[in-house]
2 protein chains.
Amino acid sequence: MNTAPDMAAISEPETPRLDTTLREKARLALRDAILDGRLKAGEKLVERELCVLTGASRSALREALVLLETGGLIERQSYRGYRVAKLSTQKIFEIFELRAALETLVAELFTERASDQEIADLNDALTDLEQCLTDFDLQRMRTVKEVYYEILFTGCRNVEIRRSLENVIDRIYHLRSHLMNNPDRREASLQEMRRLTAALTSRDRLAARAASLSHLTAARDAVLNLMAES
Amino acid sequence: MNTAPDMAAISEPETPRLDTTLREKARLALRDAILDGRLKAGEKLVERELCVLTGASRSALREALVLLETGGLIERQSYRGYRVAKLSTQKIFEIFELRAALETLVAELFTERASDQEIADLNDALTDLEQCLTDFDLQRMRTVKEVYYEILFTGCRNVEIRRSLENVIDRIYHLRSHLMNNPDRREASLQEMRRLTAALTSRDRLAARAASLSHLTAARDAVLNLMAES
DNA sequence: CATCACAATATTGTATACAATAATGTGATG
DNA sequence: CATCACATTATTGTATACAATATTGTGATG
């Protein structure tokens, strides 16, 4: 049932040596600015202004903009430039529909393909998360959650799924942040992740799918409630 | 169960007016060149050469390259430029795993959300496809297949899923073309699509999922066989 | 003859200048 | 005063020039 494991070693002959170009720096700078709300939804993005913000020249900056556009974070209109993308209720539904299809699959695949080490790492991350909650360290909580997902995505052994997911998850990042301001949602979310982690640890495919799905459904409803308020 | 249908009309206030920039032209030119094999897998892409090929300047061209890179058609190495992406057996598995998760969902959603008109259009496309097969018009067959998928993706009412799928489908385009050279596979593929269309037409969610999945599985195995030969 | 150092070349990464299109302001006119 | 035409400005789209890095070639040296 496994997917040609002997092929795995052929893939990366050379060291990737991380990308240190200005384009990449500009992309990360813009991405962060959007994710933490310094650039707000609907706001117009003027290239020359972004140049001074990021320190990059227009050519490098524009390539970064193209990257963010394909990720869905910003939208472009011919000869009218970019805007930070807005999230409608409709888009929320679509994104969570996509996430539900892919993240449940990730959970299933993880139960079959992850190493024991990865399962241990996942449980460590969960423990860290519990600690963050008791410490009220919401900043660190986001980081640890990213680590948790990182382990999950790696353990499922499918880079394509990961790429598709990372883009859409970025787009609801700030909503998820807001969600964590609600103590009830914080506790509920952690409880769901406990259940998911337990299922993954016992390599119970069906339970993992169920836990993943109910976590996503709860998150979606919380996000929709949040949007309905404002 | 439907997703806020009253929201739909708010989205597009202005005419999209299709993108006629050189970047877009360069992107399409490169995409076509890769899809129909004029630029072969693994081949190095030198920017200056692509400029004369596409008629665009380097700045426009590079933005097109960034687009193709995020789509996975080409790969980049720092200061070493781009290459046309190669497909390993592993990648085939990953792509079909992703497609299986999303296309089965698309089929299910279509049965619940498509209009009667869209269902009629789908059947028309299938009829066209039958005609192509009897005429041995393989060129037109590809076009009609794209129309078929276009209807399917539109009918499921989820742009996010569509975006994720279109990229990965592009990447196995030339393999699918090769596949259609095999008469047995041609006939089998059409038979699978007949079954899928019937399920979609009767709005039978489970049957649609099953038909979609078996179509994908058959296509995947055919692709893997093709790769094993060469 | 193989191998290494290093210069020469090629190619990508970056910055800036120019052209095309859209947004804005201003004044004439009813 | 409202509105339209049109000039002005701003902004994006495109082309080209320059800098940094990688690749290639060449010759000295063991």
Side-chain angles (χ1 to χ4, degrees), chain A residues 12-31 33-34 39-86, chain B residues 12-31 33-34 39-86:
Chain A
E12 278 83 16
E14 305 149 30
T15 313
R17 70 162 298 183
L18 73 158
D19 194 350
T20 176
T21 59
L22 278 187
R23 170 209 299 177
E24 188 61 12
K25 285 180 190 161
R27 188 194 125 249
L28 292 174
L30 288 178
R31 175 177 172 275
I34 295 173
L39 293 173
K40 285 164 195 168
E43 186 168 342
K44 184 153 178 20
L45 300 173
V46 178
E47 296 179 1
R48 234 162 29 91
E49 295 173 6
L50 299 182
C51 286
V52 307
L53 176 71
T54 64
S57 71
R58 266 191 75 207
S59 50
L61 177 88
R62 278 175 62 93
E63 291 176 11
L65 288 173
V66 170
L67 281 169
L68 292 176
E69 184 192 3
T70 61
L73 271 183
I74 63 178
E75 293 168 347
R76 172 172 156 277
Q77 278 187 312
S78 227
Y79 278 97
R80 273 184 247 179
Y82 292 90
R83 294 184 169 284
V84 179
K86 279 188 199 168
Chain B
E12 278 82 17
E14 305 151 28
T15 312
R17 70 164 297 185
L18 72 159
D19 195 350
T20 178
T21 59
L22 279 187
R23 170 208 299 177
E24 188 61 11
K25 285 178 191 163
R27 187 193 126 249
L28 292 174
L30 289 178
R31 175 176 172 275
I34 294 173
L39 293 174
K40 285 164 195 167
E43 185 168 344
K44 184 152 178 22
L45 299 174
V46 178
E47 295 179 2
R48 226 164 33 88
E49 296 174 5
L50 299 182
C51 286
V52 307
L53 176 71
T54 63
S57 71
R58 265 190 76 207
S59 50
L61 177 87
R62 279 175 61 94
E63 291 175 10
L65 287 173
V66 170
L67 281 169
L68 292 175
E69 183 192 3
T70 61
L73 271 183
I74 63 178
E75 293 166 348
R76 176 171 153 277
Q77 278 187 313
S78 229
Y79 278 98
R80 272 185 248 178
Y82 292 90
R83 294 185 169 285
V84 179
K86 277 188 198 166

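Every chain is numbered from 1 and lettered A, B, ... according to where its sequence line falls, protein lines coming before strand lines.
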Original post:
Which heavy atom of A/R83 sits nearest a heavy atom of A/L45, and at what distance?
Top reply: C-CD1, 4.3 Å

Original post:
Which pair of non-hydrogen atoms, one from B/E49 and one from B/V52, has the smallest distance, and what is that distance?
Top reply: O-CG2, 2.9 Å

Minimum-distance nucleotide to [X] side chain [options: [options]]:
X     : options                : answer
A/S59 : C/dT16, C/dG13, C/dA22 : C/dT16
A/T21 : C/dG13, D/dT12, D/dA15 : C/dG13
B/R58 : C/dA20, C/dA15, C/dT12 : C/dT12

Original post:
So which nucleotide does D/dG30 pair with, by the Watson-Crick or G-U wobble rule with both distances under 3.5 Å?
Top reply: C/dC1

Subject >> Nucleotide paired to D/dA17 in any strand shown, Watson-Crick or G-U, under 3.5 Å >> reply: C/dT14

Separation of [N] [atom2] from [X] [atom1] (nearest whole Å):
X     : N      : atom1 : atom2 : value
A/E63 : C/dG13 : CD    : P     : 8 Å
A/R83 : C/dA23 : CZ    : P     : 10 Å
B/L50 : D/dT14 : CG    : C1'   : 17 Å
A/Y79 : C/dT21 : OH    : C1'   : 6 Å
A/R76 : D/dT12 : CZ    : P     : 11 Å
B/E49 : C/dT11 : CD    : C1'   : 10 Å
B/E24 : C/dT21 : CD    : P     : 17 Å
B/E47 : C/dG13 : CD    : C1'   : 8 Å

Would you say [X] reaches [N]'s phosphate, i.e. side-chain N/O to OP1/OP2 under 4.0 Å?
X     : N      : result
B/K44 : C/dT12 : yes
B/S57 : D/dT14 : no
A/R80 : D/dT12 : no

**OP:** Might you confirm whether atom NZ of A/K44 has over 12 heavy atoms from other residues, nucleotides or ligands at distances under 6.0 Å?
**Re:** yes

Subject >> A/K40, NZ atom: more than 12 neighbouring heavy atoms under 6.0 Å >> reply: no

**OP:** Describe the nucleic acid contact of A/L65 in one word from base, sugar-phosphate, nothing, applying a heavy-atom distance below 4.0 Å.
**Re:** nothing

**OP:** Looking at every strand, decide which applies to B/R62 at a 4.0 Å heavy-atom threshold: base, sugar-phosphate, or nothing.
**Re:** base

**OP:** Go through the steps for A/R58 and A/L50 under the test side-chain contact (heavy atoms from CB on, under 4.5 Å), then give the verdict.
**Re:** CA-CA 9 Å; A/R58 266 191 75 207; A/L50 299 182; over 6 Å; no

